[in-house]
Amino acid sequence: MTKVVIIGGGPGGYEAALVAAQLGADVTVVDRDGIGGACVLTDCVPSKTLIATSVRMNYVTDAAKLGINVGNEAEDKDIVRIDLRTVNDRVKRLARAQSDDTAARVVKEGVRIIPGTARLVDPHIVAVGEERLHADVVLIATGAHPRELPTARPDGERILTWRQLYDLETLPERLIVVGSGVTGAEFANAYQALGSDVTLISSRDRVLPTQDQDAAEVLENVFRRRGMNVLANARAESVTRVGDGVQVRLADGRTVEGTHCLMTVGMIPNTSGLGLEEIGVRLDQGGFVEVDRVSRTSTPGVYAAGDCTGVNMLASVAAMQGRIAMWHALGEAVAPLKLSTVASTVFTNPELAAVGCSEADVRSGKVDARVVNLPLDTNPRAKMHGTKDGFVKLICRQHTGIVLGGVIVGPRASELILAVSVAVQQRLTVDDLAHTFSVYPSLSGSVTEAARSLMQASPE
Ligand SMILES: Cc1cc2nc3c(=O)[nH]c(=O)nc-3n(C[C@H](O)[C@H](O)[C@H](O)COP(=O)(O)OP(=O)(O)OC[C@H]3O[C@@H](n4cnc5c(N)ncnc54)[C@H](O)[C@@H]3O)c2cc1C
């Protein structure tokens, strides 16, 4: 029986454990924080639970536009308000329950879980305290942690990482969010909806600099319209506590004052102290484990998956890397990881979901393709819901019409993108999509409509 030891019980680790157990291996997962990992306990699951509350809050604050009177704002400005302690209690309870459910599932499949911190003694021996685990195959899936700036050390009270937000008892009155990537944008949007006065500090000329430009523009406009103070081209140099609040000093000498500051300035891989370099596992300059497309490291028998590899820091990618590692290690036929079909979402309101190649790839000449962008405000269902912001963008190969990618900005774009994902994965054409029935009226009707308009633009 092949002995597999997995270090880290996040999606990279536990999904790999499930596959290895299914294939008949003797599997042990060592984890120091809880099965589900940071994904379930502190990052993805808690943030999306908080965001669920913030989206409901948007429903209430926008209700008047649909004829619902939720109180006289002039008489009682705080008629709808957040009880942050209740919100955070729910977030933490839900995360813990999700971790417990995942652990129970893994154990049911025959996987042994050892709570503790692991390190490699040699490529086939994993140490956990005094215990030595012998392994034919090792998977490193140790994740990553928030990057901290020496001039802006989080104190857990006023200067915070996203992992410390759920211990706040009251809503930050004036929240400054440093960093306008996915995490910064999601939290800025959520706390704005919950009732905080939010300033978002972006070191670039726009928010969400790595996302589709049209999509980022829609979101930035929505943020500003709702009253968010978005500071572009503003690099935060330091964050200090001043009295009961915080002061952020920008590189150009300006200062921004708030009651709290949330730092979202990237991730550092959890790869130090694991004994990796000592056993020949190559790390890149940022400390990420170097892997190939079947998750092999530079040391035979040692695989790596998830955020510690920095390949694409998403739970879905971590899980796929972990599964691929086990299929490969245990002798199954396996297709290498394909990043061109990964779907991702920015969970703002509206959501931004994308899959496949980008319009930037087309504009730069990297891909020979046609693009259509259909605003949602002409979609009948969107009108019924009072949705004005968003669009469906579809990209197909110039001559064959094969769908290469898409971007959707709108409510529940994370769900709507699946149709485009299936098309990209299965190499469907815009004709295939255009001939697919969508429900009338529906937002997904815009996906088939976008496909129809690309058909019309076809040269023959
Ligand atoms: C705020 C936020 C929101 C996110 N939202 C989403 C989202 O909506 N969708 C999405 O797809 N992705 C999201 N992500 C990304 C997602 O959380 C990560 O990609 C995912 O957690 C990576 O999984 P992993 O298994 O690599 O690591 P992790 O989930 O970080 O798990 C690693 C585990 O390894 C353990 N560990 C570390 N070192 C050791 C050791 N030496 N010994 C034993 N155990 C160890 C850790 O304790 C942890 O339990 C989000 C990230 C952040 C920061």
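We're numbering straight along the sequence, starting at 1. Atoms within a ligand are numbered from 1 in the order they appear, just like the ligands themselves.
Counting protein heavy atoms only, atom 46 (C) of ligand 1 is closest to D33 OD2, 3.8 Å. What sits closest to atom 35 (C) of ligand 1 on the protein, heavy atoms only, is D31 OD2, 3.4 Å. If you check which protein heavy atom lies closest to atom 12 (N) of ligand 1, you get A315 N, 3.2 Å. What sits closest to atom 41 (N) of ligand 1 on the protein, heavy atoms only, is A118 O, 3.0 Å. Of all protein heavy atoms, the one lying nearest to atom 3 (C) of ligand 1 is S47 OG, 3.5 Å.
Within ligand 1, counting atoms from 1 as listed, the ones closer than 4.0 Å to a heavy atom of G12 are 25 (O). Close approach to F347 involves these atoms of ligand 1, each under 4.0 Å from a residue heavy atom: 8 (O).
Note: no N/O pair closer than 3.5 Å links T183 and ligand 1 by distance alone. At a 3.5 angstrom cut-off on N or O pairs, R32 counts as close to ligand 1. For ligand 1, the polar-atom distance check finds no N/O of T117 at less than 3.5 Å from any of the ligand's N/O atoms.
Salt bridge annotation for K48-E186: present, with a cationic side-chain nitrogen under 4.0 angstrom from a carboxylate oxygen. A salt bridge links R112 with E131: the closest approach of a Lys/Arg side-chain nitrogen to an acidic carboxylate oxygen falls below 4.0 angstrom. Between D136 and K3 there is no salt bridge, since no side-chain N of the basic residue sits under 4.0 Å from a carboxylate O of the acidic one.
Defined by atom type and a distance below 3.5 Å, a donor-acceptor pair is present between the side-chain atoms of R226 and N189. Between the side chains of N233 and D205, no donor N or O sits under 3.5 Å from an acceptor N or O.
The closest approach between any non-hydrogen atom of G116 and ligand 1 is below 4.0 Å.
You'll find the side chain of P350 reaches within 4.5 Å of the side chain of L219, heavy atoms only.
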*For Q247 and V256, run side chain to side chain contact (heavy atoms under 4.5 Å, CB included): C-alpha distance rounded to whole Å, both residues' side-chain angles, the deciding distance at 0.1 Å, then the answer.*
CA-CA 6 Å; Q247 184 184 66; V256 186; over 6 Å; no

